[in-house]
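Quick one: the structure is below, questions incoming.
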Amino acid sequence: GIQVEQSPPDLILQEGANSTLRCNFSDSVNNLQWFHQNPWGQLINLFYIPSGTKQNGRLSATTVATERYSLLYISSSQTTDSGVYFCAVPPPETSGSRLTFGEGTQLTVNP
Amino acid sequence: DTEVTQTPKHLVMGMTNKKSLKCEQHMGHRAMYWYKQKAKKPPELMFVYSYEKLSINESVPSRFSPECPNSSLLNLHLHALQPEDSALYLCASSPGEGAWLAAYNEQFFGPGTRLTVL
C-alpha cells in the first residue's frame, strides 16, 4: 500500500515563530488532506489539496504531486496551534475511501 | 454545514456489556466511515459504507458490528469488547465513492467517542 511519512515527528516553538511541516508519499495520489487534531481529539480539516497552493489565514499548504510531497506552513504560531498535524492520502487511482494517515507531527507552541 | 456529530462523547463499559456508538451527518454525503485511534497513533480505518451498503471491512473482529440505517446515520454496535479495544472512535463522511469524485472527496470527521473497556 501507499506509504506516508511526516516530518518532523515533534516540534516545539515559541509563540510567534513560523514552521514548516512536511508530508512525503510513495505513489501518485488524487487528493491529499491536512488535519489538525486538537487536545480533545477533534480532527479539524485544514486543507484538501491534491496539487498547488492554498492559503487560509496564517496557514498555507503546497502539494507538488509530481514529486510526491506536501508542505504545511504555519506563520506567527499561537498556543492554540498546538496539537497533532496529520496528512492523509487515498490509494492511487481511487476516489479516496481508504485514507492512509502519516504518523503525524506533534506541535507544541509555548507562550 | 460541515458537521458530523457523534454520541456519546465518552463511554465506559464492561467486557460483557452491549453498547452502541452513533454518528450523524446532514451534508448529503453518501459515504460514511468508522476509524479507531489509539493514543499517539494515527486513525486506522475500520469500515466504509457507500450508499448505505458496507463496502470495506478492514478485517475488524466481529465484536464490532456496523450498521447504516439511512444515508445520514451510522452506528457501531459493541459487544464482548476487550480492554485493548479502548480507544477514540471517529466517524467521518465524504460525498461518496467513485473515480468521478476523486477531486472532491474530502472527508469530514466527528469529534469522536472515547471508549474505555474495563
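Predicted, not measured: the structure shown is a model, and the values here were computed from it. Proteins come first, then strands; the chains are lettered A, B, ... in the order of their sequence lines, and each starts at number 1.
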- Item | Heavy-atom side-chain contact between A:Leu99 and B:Leu45 under 4.5 Å |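 A:Leu99 vs B:Leu45: side chains apart.
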- Any link between A:Ile44 and A:Leu59 through a network of hydrophobic side chains (Ile, Leu, Val, Met, Phe, Trp, Tyr) touching at under 4.5 Å? no
- Message: Surrounding NZ of B:Lys18 (heavy atoms of other residues, nucleotides or ligands, distance under 6.0 Å), is the total greater than 12?
- Response: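 No, the 6.0 Å shell around NZ holds no more than 12 heavy atoms from other groups.
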- Query: Shared ILVMFWY cluster between B:Leu11 and B:Leu81, side chains joined below 4.5 angstrom?
  - Reply: yes
- Contact summary for A:Gln42 and B:Phe109, nearest pair of heavy atoms: NE2-O, 3.2 Å
- Item | Proximity breakdown for A:Gln106 and chain B, heavy-atom pairs closer than 4.5 Å | neither
- Smallest heavy-atom separation, B:Pro42 atom then A:Phe101 atom, equals CB-CB, 3.6 Å
- Exercise: identify the closest heavy-atom pair between B:Leu90 and A:Gly41: CD2-O, 4.1 Å
- Query: So how far is it from A:Trp40 CH2 to B:Arg114 CZ, rounded to the nearest 0.5 Å?
  - Reply: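 Between atom CH2 of A:Trp40 and atom CZ of B:Arg114 there are 11.5 Å.
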- Query: Roughly how far, to the nearest 0.5 Å, is the CD atom of A:Glu103 from the NZ atom of B:Lys41?
  - Reply: 4.0 Å
- Item | Co-membership, hydrophobic cluster, residues B:Met15 and B:Leu21, 4.5 Å side-chain |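 Hydrophobic grouping puts B:Met15 with B:Leu21.
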- Message: Grouping I, L, V, M, F, W and Y whenever their side-chain heavy atoms are under 4.5 Å apart, do A:Leu13 and A:Tyr85 come out in a common cluster?
- Response: yes
- Below 4.5 Å from any heavy atom of chain A, which atoms of B:Gln6 appear? Answer side chain, backbone, both or neither.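 Neither part.
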- Item | Interface moiety of B:Glu44 toward chain A, non-hydrogen atoms closer than 4.5 Å |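 Answer is neither: B:Glu44 stays 4.5 Å or more from chain A.
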- Query: Between the main-chain N or O of B:Glu106 and the side-chain N or O of A:Gln33, is there a donor-acceptor pair closer than 3.5 Å?
  - Reply: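 Between the backbone of B:Glu106 and the side chain of A:Gln33 there is no qualifying donor-acceptor contact (under 3.5 Å).
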- When only pairs under 4.5 Å are counted, which of B:Ala92, B:Pro111, B:Gly112 shares the most heavy-atom pairs with chain A?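 That would be B:Pro111.
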- Message: With a sphere of 6.0 Å drawn around CD of A:Glu5, does it hold more than 12 non-hydrogen atoms of other residues, nucleotides or ligands?
- Response: no
- Message: Using the rule that Ile, Leu, Val, Met, Phe, Trp and Tyr join whenever any side-chain heavy atoms are under 4.5 Å apart, tell me whether A:Leu11 and A:Val109 fall into a single cluster.
- Response: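 Yes; A:Val109 is reachable from A:Leu11 via cluster members.
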- Query: Rounded to the nearest 0.5 Å, what separation is found between the CZ atom of B:Phe108 and the CG atom of A:Leu43?
  - Reply: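 Separation between the atoms: 12.5 Å.
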